[in-house]
Amino acid sequence: MRFNIGFFIREAFKNIRLNLLMSVTAVTTTFICILVLGAGLLVSAHVEGLIGSVREDVAVTAFFQPDEKEQKIQAVRDSVEGYSEVSSVKFVSKAEALDNFKQTFADQPEIYEDMGSDVLPASLEMQLKDPSDADAVASKLEGEGFAKKDLSYPQQTISRLNEVTGYMIWGLYGATALFLISSILLISNAIRISIFARRKEIEVMKLVGASDSFVRTPFVFEGLVEGLIGATLAALAVIWLNYLFVDWSRQALPFVPISGNAVDTVLILAVLIAVGVMIGVIGSFLSVTRFLRV
Amino acid sequence: MIQFSNVTKVYGNDTVALERVNLNIDPGEFVFLVGASGSGKSTIVRLVLKEMEPSAGAIYVNGTRLSAVPRRSIPRHRRNIGCVFQDFKLLPNKTAAENVAYAMEVTGQRPRTIRTKVPQILDLVGLAEKTGKYPDQLSGGEQQRVSIARAFVSQPPILIADEPTGNLDPDTSVGIMQLLHRINRIGTTVLVATHDKEMVDVMRKRVVALEEGRIVRDKVKGAYADEV
Ligand SMILES: Nc1ncnc2c1ncn2[C@@H]1O[C@H](COP(=O)(O)OP(=O)(O)OP(=O)(O)O)[C@@H](O)[C@H]1O
Ligand SMILES: [Mg+2]
């Protein structure tokens, strides 16, 4: 049999026009569902980005004794730089420590007025690749001769952080999955209602000798077009909302490291449109199939 | 061409629409199916189209046992049968011409063939002026004629008409009957279910009479009622 794709596309667009209210309902439902889904993805992405930047900030600081020999300091520095858990090491000399201190309290000069350059100890600041390695790094440092009290690292904070962020990320994934499932149900229900209204038509088509696929194809095109329109509009709205949010957060929350880079715009656009189109196509395919048994 | 062998159809649990019907229609025959309302005429039509299965017995169309036709082959089976439905069954979102064209499109005919044949056939049933009208803009008789045009536009070997003149004035009825007669003369097997006594009496064709789901009379060159 000849497969006349032009005929099917014409039929699909004609049906959308003739059943405009139903089509608008399906498009609107898709739009809202995909918008919520996209908002969920955005929140996930930003929270993950935040968590990532918080975890990056975790550092171990080892303070030297005030009278530590220059040689010994150098040896420790070399050794620490070889640690596999450590991504970067920064040495802060006594003078630098005082400078930092002065900077921090620049508006209260009376605090450091008569502080000698010998008061603050020199230290090593180590950034970790993975914050959960803090314990291991600390015990290595103890092996280098540091006392426990000279090591500063937010050990409990780190394990708590790991725990909490793990839950949060799973919670977000769960919520996104729920959004996805409810979108599938809502969108395919809207499509099902619009096809239910035309079940008599489908029956007639079958009675005059149309094959299942002949009846089904225009409906599937229709679902595809509706899904595409609804999802594209929603995806664009999501991207726009993201820009607004990132922009707003720069002014309103300057200390919160929210970054536009946390969101992969193209990926979100593609995922949302693909989800919308897939639900439209599969939803209409399954809905028509129900009424083909004539 | 169409053969019913001990066919019984029960709707639900207790509505017996057909009871042990035996009927044999040869290729090229013209048969009237008559009987009171509710006697089972439409049920026979629906069974031939395999719209539903008989409760008992076997039906053969064109030599094929219908119970052996798989679901995916039903469309091909139906394309051998042009059917004028009692309730027309036109597609509400399509014009008269598009409704007729649809029956050709499902068989995958060329757009050019469709464009030339559809107006011809609508002209034949007297609807040349109404090709662009939608079913709800047409009278009952006009819809019936669209349904007739759709049924034989593809020139199927079998034509079944359920009350094809029910909504027509006597003149148009005669025209439709002449049309069916002409279709029959080119070799099409024609089965017409009707209450139209005058038409049956005038045509002098084979008449099969149903009464409460049973065949009570089957007469070549018969009339609507028993002749004493
Ligand atoms: N879908 C159905 N469900 C239950 N009973 C039905 C159904 N269709 C028909 N019947 C019953 O089956 C019997 C035969 O119906 P059928 O439609 O075949 O009659 P008919 O001869 O075509 O009547 P008419 O001349 O009024 O069209 C009737 O008693 C009817 O009530
Ligand atoms: Mg009937």
Side-chain angles (χ1 to χ4, degrees), chain A residues 1-26 191 193-223 225-226 284-286 288-294, chain B residues 42 45-46 48-53 70-95 98-115 134-136 143 146-154 156 158 160 162:
Chain A
M1 196 173 117
R2 299 151 60 83
F3 189 83
N4 189 343
I5 197 141
F7 170 79
F8 290 129
I9 292 175
R10 272 198 308 281
E11 287 284 293
F13 278 101
K14 214 174 105 189
N15 285 336
I16 290 178
R17 213 181 53 237
L18 288 170
N19 304 282
L20 198 59
L21 192 64
M22 291 292 191
S23 312
V24 168
T25 309
I191 293 174
I193 290 170
S194 88
I195 290 178
F196 181 78
R198 280 145 70 190
R199 67 196 183 285
K200 285 275 168 226
E201 253 178 272
I202 294 175
E203 195 184 304
V204 173
M205 292 169 176
K206 286 299 303 279
L207 284 178
V208 300
S211 65
D212 286 1
S213 60
F214 193 88
V215 174
R216 190 160 42 203
T217 308
F219 283 96
V220 172
F221 272 125
E222 213 181 310
V225 170
E226 287 166 358
S284 48
F285 188 95
L286 296 180
V288 185
T289 304
R290 275 165 159 243
F291 300 114
L292 285 174
R293 311 215 157 270
V294 182
Chain B
S42 297
V45 173
R46 296 178 66 191
V48 172
L49 283 174
K50 200 171 156 81
E51 203 180 322
M52 54 192 187
E53 298 296 327
R71 228 186 73 75
R72 66 182 145 69
S73 303
I74 294 178
R76 203 181 323 135
H77 161 69
R78 289 184 184 151
R79 287 176 212 151
N80 286 325
I81 305 166
C83 192
V84 184
F85 299 94
Q86 191 167 10
D87 55 354
F88 320 137
K89 294 203 191 298
L90 298 176
L91 295 167
N93 291 335
K94 291 185 183 296
T95 63
E98 287 166 345
N99 262 285
V100 176
Y102 193 80
M104 297 180 80
E105 276 147 1
V106 300
T107 62
Q109 298 192 50
R110 294 171 179 286
R112 188 149 27 91
T113 320
I114 297 176
R115 273 199 301 276
Y134 288 90
D136 59 6
Q143 291 180 48
V146 176
S147 180
I148 293 167
R150 179 181 64 185
F152 67 79
V153 69
S154 297
I158 300 172
I160 299 180
D162 199 350

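Numbers restart at 1 for each chain; the letters A, B, ... are given by sequence-line order, proteins then strands. For clarity, every value in this text was computed on a predicted model and none was experimentally measured. Atoms considered below: every heavy atom in the structure, side chains included; atoms not considered: hydrogens, waters and symmetry mates.
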Please identify each residue that fulfils side-chain hydrogen bond (donor to acceptor under 3.5 Å, both in side chains) with Thr289(A), with sequence neighbours left out.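 Listed in chain order: Arg216(A).
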Pull out the residues in residues 13-22 of chain A that come under 4.5 Å of chain B, heavy atom to heavy atom, sorted by number.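 The residues closer than 4.5 Å to chain B, in numerical order, are Lys14(A), Leu18(A), Asn19(A).
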Need one label for Arg76(B): side chain, backbone, both or neither, based on atoms under 4.5 Å from any heavy atom in chain A.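 The answer is neither part of Arg76(B).
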Contact origin within Arg150(B) toward chain A - heavy atom pairs under 4.5 Å: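 The answer is the side chain of Arg150(B).
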Is any side-chain N of the basic residue among Glu51(B) and Arg78(B) closer than 4.0 Å to the acidic one's carboxylate O?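 So Glu51(B) does not pair with Arg78(B) through a salt bridge.
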Quick one, Val208(A) and Asn99(B) - any side-chain contact, counting heavy atoms below 4.5 Å?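 In short, these two side chains do not touch, never coming nearer than 4.5 Å.
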Cation-aromatic face contact Arg10(A)/Phe7(A), 6.0 Å, 45 degrees: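 Not satisfied by the 6.0 Å and 45° rule.
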For ring pair (Phe, Tyr, Trp, His ring centres under 6.0 Å), just list the numbers for Phe219(A) and Phe285(A), CA-CA rounded to whole Å, side-chain angles, deciding distance to a tenth of an Å, and then say yes or no. CA-CA 7 Å; Phe219(A) 283 96; Phe285(A) 188 95; over 10 Å; no
Would the distance check show the side chain of Glu201(A) and the main-chain N or O of Leu91(B) forming a donor-acceptor pair, the cut-off being under 3.5 Å?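 Answer holds: no.
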Might you confirm whether atom CZ of Arg71(B) has over 12 heavy atoms from other residues, nucleotides or ligands at distances under 6.0 Å?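 Counting neighbours around CZ of Arg71(B), more than 12 heavy atoms of other residues, nucleotides or ligands fall under 6.0 Å, so yes.
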